[in-house]
Number of protein chains: 2
Amino acid sequence: MNYELLLREHSLKATPQRVGILSLMQTSGHLDVEELFTEIKKQFSTISLATLYKNINAMMEKGLLTEIKIPNQKSKYEIAKAPHIHLLCQECNEFIDLKLDIGCLVDEAAKESHYRLKESSIVLSGVCEKCQAK
Amino acid sequence: MNYELLLREHSLKATPQRVGILSLMQTSGHLDVEELFTEIKKQFSTISLATLYKNINAMMEKGLLTEIKIPNQKSKYEIAKAPHIHLLCQECNEFIDLKLDIGCLVDEAAKESHYRLKESSIVLSGVCEKCQAK
DNA sequence: TTACTAGAAGATAATTATTATCCTTTAAAC
DNA sequence: GTTTAAAGGATAATAATTATCTTCTAGTAA
């Protein structure tokens with residue numbers, strides 16, 4: 001993935017810090033601010049927390065990153081992608097994406113409410129397979 | 001609704017402040033901390049913000065209140081009730097409950113992931129009927 | 001390539017949100 | 001009524017986020 005290009009396409013300067021943040025998000029999937037700061041400091045030891053916040057916000061405004069708000073957890077961030085849902089294991093805190101067609105749910109909700117629906121934020125919580133085995 | 005009884009049943013002392021918070025939540029539906037503080041001060045002019053926070057947390061621990069985390073908004077609270085989904089109008093900020101059977105979504109997710117699912121947090125955002133008409 | 005400029009980085013202060021502490025008061029049980 | 005654990009209120013402390021300001025650099029165009 002060419003993050004320099006991606007950033008420029010979204011009218012953001014392609015700084016090394018931003019590229020680092022994006023590639024971290026790509027490999028790690030879901031990180032909160034603190035985790036992201038810990039990781040990014042390994043590449044840019046002098047990076048400021050303010051820079052991290054500013055970049056997260058800038059990239060969210062441009063639609064490159066998405067914030068995921070999770071019950072009883074800190075917000076996590078992910079690279080924006082096609083709509084999907086999230087699963088959280090309440091025991092080991094595993095947090096995964098699940099591609100699932102939510103069209104029927106959204107249609108039903110739109111029909112009942114007469115809302116024109118555009119975005120969805122779905123987090124289901126429970127116990128993952130491994131933790132069930134314990 | 002007898003909030004004194006409800007509180008005692010959940011091993012919480014039935015203080016006037018708590019009863020006030022619950023009845024406010026009942027009438028208003030969804031409030032954030034700031035809104036709740038503004039409202040509750042009309043009944044208890046000297047109530048401390050710390051008291052409000054402590055009570056919200058105590059009532060959440062006992063399962064009387066639920067926190068709803070919403071993209072791009074402050075968390076709101078509601079009286080705990082049967083699972084349902086939330087709709088947010090991105091224009092007028094209307095925020096409503098919708099009773100909708102999500103069993104099939106949850107079943108599907110459980111089947112795909114092998115999670116044993118227990119909780120759901122679903123917020124759909126878009127434009128309400130009134131704002132569409134504008 | 002060099003020079004220019006808007007925007008970004010980094011350091012830090014300021015603000016906001018939330019929690020902890022401590023002392024006083026009160027709900028609930030006897 | 002008395003007793004006591006728990007709650008209220010005031011405030012301090014902490015955590016999370018944003019604002020400010022100066023220096024630096026990516027991107028642009030001569």
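Every chain is numbered from 1, with letters handed out A, B, ... down the list of sequences.
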Item to complete: Could you tell me, to 10°, how much the axis swings from one end of the helix from C:dT1-D:dA30 to C:dC30-D:dG1 to the other, five pairs per end?
Response: 40°
Discussion item. Counting the atoms with a prime plus P, OP1 and OP2 as sugar-phosphate, which does A:Ala58 contact under 4.0 Å by heavy atoms, base, sugar-phosphate, or nothing?
Written reply: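 The residue A:Ala58 makes no contact with any strand.
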Discussion item. It should be established whether A:Asn55 places a side-chain nitrogen or oxygen under 4.0 Å from OP1 or OP2 of nucleotide C:dA9.
Written reply: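 It does, given that an N or O in the side chain of A:Asn55 lies less than 4.0 Å from OP1 or OP2 of C:dA9.
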Worksheet item: Does A:Gln17 place a side-chain N or O at less than 4.0 Å from the phosphate oxygens OP1/OP2 of C:dG10?
Response: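 Affirmative; the distance criterion is met.
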Fill in: Range on DNA chain D touched by chain A - first to last nucleotide, heavy-atom distance under 4.0 Å
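Contacts span D:dA16 to D:dG27, reading 5' to 3'.
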Discussion item. Counting only heavy atoms and a strict 4.0 angstrom limit, can you tell me which residues of residues 35-53 of chain A come near DNA chain C?
Written reply: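 Nucleic-acid contacts, sorted: A:Thr46, A:Ile47, A:Ser48, A:Ala50, A:Thr51.
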Atom [atom1] of [X] and atom [atom2] of [N]: how far apart are they, to the nearest Å?
X	N	atom1	atom2	result
B:Lys76	C:dA17	NZ	P	14 Å
A:Ile56	C:dA8	CD1	C1'	15 Å
A:Lys54	C:dT12	NZ	P	14 Å
B:Leu5	C:dA27	CG	P	17 Å
A:Leu22	C:dA8	CG	C1'	15 Å

Discussion item. Nearest heavy atom decides the nucleotide; on that basis, is B:Glu34 or A:Leu12 closer to the 5' end of DNA chain C?
Written reply: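 That would be A:Leu12.
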